[in-house]
Structure formats: structure tokens, C-alpha cells
Amino acid sequence: MRISAKHEQTVLAYNDFSGGLNFTVGADAIADNQFSVAENVEYGALDGSLSKVAGFVPLVEMDGEIRTFLPLGFRDMLLVVGRSIYRSDYHNHQLIGECTGMSKPVIVPFGDAVYIASGEHIQKYKDGKLTTITDSPRAEYIFAQENRLVAVHSDSRRMHFSGVLDALNWKEDDEAENAAKWIDIGDNDAGTILAVGRLFQDLIIFTSTNKAFRLTGSYPNWRQLPLAKDAYATNFYSIVSARNALFFLGNMGFQAIQSTQMYGDMETVNVGRLINNFLTMNIQEETCSVWSLPTKWQIWVQPQESGLIYIFHTLNGAFTTRRMKGYITHAQEYDGTVYVSRGNKVYEVRDDISTDDGEDVKSIIKLKEMRNMDKMVLKRVMVDLYSREAGDAALTIGRLSMPLLKAQTDDIVALDEDIVALDDDTIAGSEYITLQKRCNYKLDRIAPVITIERGALSVRKVNLLVAGVG
């Protein structure tokens, strides 16, 4: 967008928001479709508009911090509080046992049972009974792969595979293909296993020496290939599969491994290049986590426990942020619903709710700044909105503030001494709203800021009629 010469009028059109956040340059140097701030907003899946983030509705409240959970069915959930494991119907919480270890617990369904890893022996939960599999390896992280349960620990480079369809069988037998198996990743200088992810049918393994390996095939036809020498993941929870790629967070930022057009080859893509300078500033290994939420077309990236989530939108590859009063310990989809745990509560993430545990959420969007050698005059403001509920929102440009209300009838008052044209344009009676305001506001730069204090609002486009004054 370029400001026209003296007396000529130009429309500054903010009709495309697909670029997301850009922290690499100043607010006046970002692209027209990017933001310097996009806090507590996300993209509408249908039209690409900017909407307030979905609300959090509390479902379960416990006495201590919930470290992880697994939905089992309707109003049925396993939760880990401290080392204690509970089964809850959201109101009544039955203590079923204790974790064997102290590390962050992982709960995985496999076959007709649920398995829990916490740094020591794996546990099995079925039919209300919790048992410890004493023959299992020590495991910090477990997952299912080709009808086997796989166990790994950060103090080893060995991956353990249970017997086929038998997570109780961890005894190796070279004569039986269905028996438990193991494989060491890399050579002696590869380090220990730091993170594991799945890309199509292959496993991608990151090690403590910043190497990545690719494990293909099934036993006895495993094939182990070196993938990268500078591969940085943070922990077992910093890596997710989504949209035919493997996304991970480490000291080099938020990156992805994906297949190239050439069969069998893979490449690393720096998908977080526009925000990595901020994203990598204070990664905390203990709380760093990445979650894939397919129904929302989002990946949530939490580098530390500050309560700030970077939202990666898989439809357009752009980022926004979400700021909360506490950090998330786990997020998971179940049957089309997103659940998160924070503090001592589990929440349902609801698109039809705009509050966080009953409190209003403030959204801020800072669009590209426009500067000119000479002063400019803002002549007209046109905003297209979608409003699900009444709220409190405004578009601010300099000292000029335009309320964004469903029944907006007020005129903008210019804060200099220029003439202000009265405006009677208003559209009411629909969730889709077009607001048009005339003004005559002289300014040195145009820096639009949209603030949503409360209520659910989506911004579809902002057009500004500007004239140069020489």
C-alpha cells in the first residue's frame, strides 16, 4: 500500500490477514497482510477473518495441579494430579493408584486398555484396575506403532517395542517375530533419545547430540537412516505430526520435517522464521510443549510457563498468540472436542464462548503501519465485522477511536481542528456488520489497532480512505 500524492485519495485495504505475525522487522516494514501484534485472536476456518480466540469452560476441578489427562468417553476421564491417578465423571473423582515414576506422565490407549508411563515401569489400566508391568522397561514416553507399544527414556538411545498386540510382553525372543524387540538409535556418539515423532509410517528420532534419524519398515526389516546433523527438539512433548509433516520446537525455533517431491527424500522447513527470534528466547525444557488440534486446524506452541501460547494455523502457515493467566499442562482432542488442563482444572474449548473461565479476554490486533514523507488526512473508515454477541471493541488510529458496535450510530470526532463530516451510515439487524465513518483527521502515520475488550467479534476487512496533503 502506497500513500498517494498531494490531494489524491488512496484506499488502504486491509482485506487479507493471512500473513500472521512478523517479528523480524518493524511494524511499518511488515507485509500488508501481516501484524506486529495479534494477541488472543485466531483465524476463522471458513473465511480467514480474525476472530477472538475460543473460550475456556471449566469441566473438572481437582485439589492440585492436573499434570495430564485422557478422555475415555462421555463425562469420563483419567487424570493425574501430582503422582495420583484418578478417574472422574467431572463431579466425583475416584483414586485408582499412583504413578510409578516422577517424570511427566503420558497416558496412551492401546488395544482394550490404557497405559501410563512416568519414568519407571509402565502401568496398565483396565476395567477399573491399575497394575504395574514389572517386566516393562523404564519409560518416560510411550506410543503405539504398528500394533506394538513403544517405550523410550531420555537416559538411553534404545527403543523398546512390546510384543505384537501384547503390551504386557517385553521379553525378547529372536526366534519369534511377534515377540518384544529393541533397537539402538545411532552409534555410540549419537547421544540419548530426546524426542520421537511419526511421519507417515516412519519414525523420526531426535537425540541429545542434535542429530535426527529415520526408522523405516517393520521388524525384521527395520532400516535406520541418518536424517540431519543439526536437528533441535526440546523434549518428548515438543513434537507433533500434522498435515503430512512433523513439527517440532527447539533452540533453532519452530521447524517441520516434510517429504519432498522426490520420492523418499525429506527436508527441514523453518516454518517459524517470522517469529523464531522471540519464540526461542526462553525455552523451558520442563514445560515446553506442542499440541496438534486438527479440528481447529491449529498447532499450539508453548515454549515456557509464562502463559503465552503461539498458535500456528496449519491452513495458511501463519501465527497468532494467546495469552492466559497460567500455563497449559496438556491439550487434547477427543471426539471433535478440544480439552485443556491448566492449574487444577480441565476445560472444554468452546467456539461459542468468548470468556476464559468466566473472565473476559482482551484481544489486540496491530495492523501494518503506513508512513509518508508528508502528513496525511484520513477521510473515511470502512470496517466489515461479524459479531456473535454484544461486546466492547474499538478501532484506534492515533488519538482517534471508532467503537465497533453492533448498533453503532455515533460519529467519529476528529481530534484536530479540521471539519468533521457527519455520518449516518449504519447497518443493524444482522451478525454481519458494515460500519462506515467519515472524518477529516490529519496525521503523520497510520497505525490501526483493533481492541476487543469483551464479546465475540470477527474482523473481516478494514478499508481506510486517505489523502496526501503535501
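Side chains of Thr355 and Asp360: no donor on one and acceptor on the other come within 3.5 Å. For the residue pair Tyr310 and Arg322, no side-chain donor N or O sits within less than 3.5 Å of a side-chain acceptor on the partner.
Here the side chain of Glu146 pairs no donor or acceptor atom with the backbone of Gln201 at under 3.5 angstrom.
Both tests do not hold together for Arg198 against Phe143: distance to the six-membered ring centre under 6.0 Å, angle to the ring axis within 45°.
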Is there a salt bridge (charged side-chain N to carboxylate O under 4.0 Å, His left out) between Arg138 and Asp155 once you walk through the steps? CA-CA 10 Å; Arg138 297 173 61 245; Asp155 65 4; 2.8 Å; yes
When you look at Ile122 and Lys124, which way does the side chain to side chain contact (heavy atoms under 4.5 Å, CB included) test go after all the steps? CA-CA 7 Å; Ile122 300 169; Lys124 175 184 178 181; over 6 Å; no
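The aromatic rings of Tyr43 and Phe35 are tilted relative to each other, their planes meeting at an angle between 30° and 60°. Between Phe110 and Tyr115, the two ring planes are perpendicular [angle over 60°; tilted spans 30° to 60°]. Relative ring orientation between Phe236 and Tyr141 is described as parallel, the plane-to-plane angle staying below 30° on a 0-90° scale split at 30° and 60°.
Across all non-hydrogen atoms, the minimal contact from Ile283 to Leu279 is CG1-O, 3.7 Å. The minimum heavy-atom distance linking Phe254 with Asn270 is given by the pair O-OD1, 3.6 Å. Heavy-atom minimum distance, Pro448 versus Leu395: CB-CD1, 4.1 Å. Between Gln123 and Leu130, the shortest heavy-atom distance links the atoms NE2-CD2, 3.6 Å.
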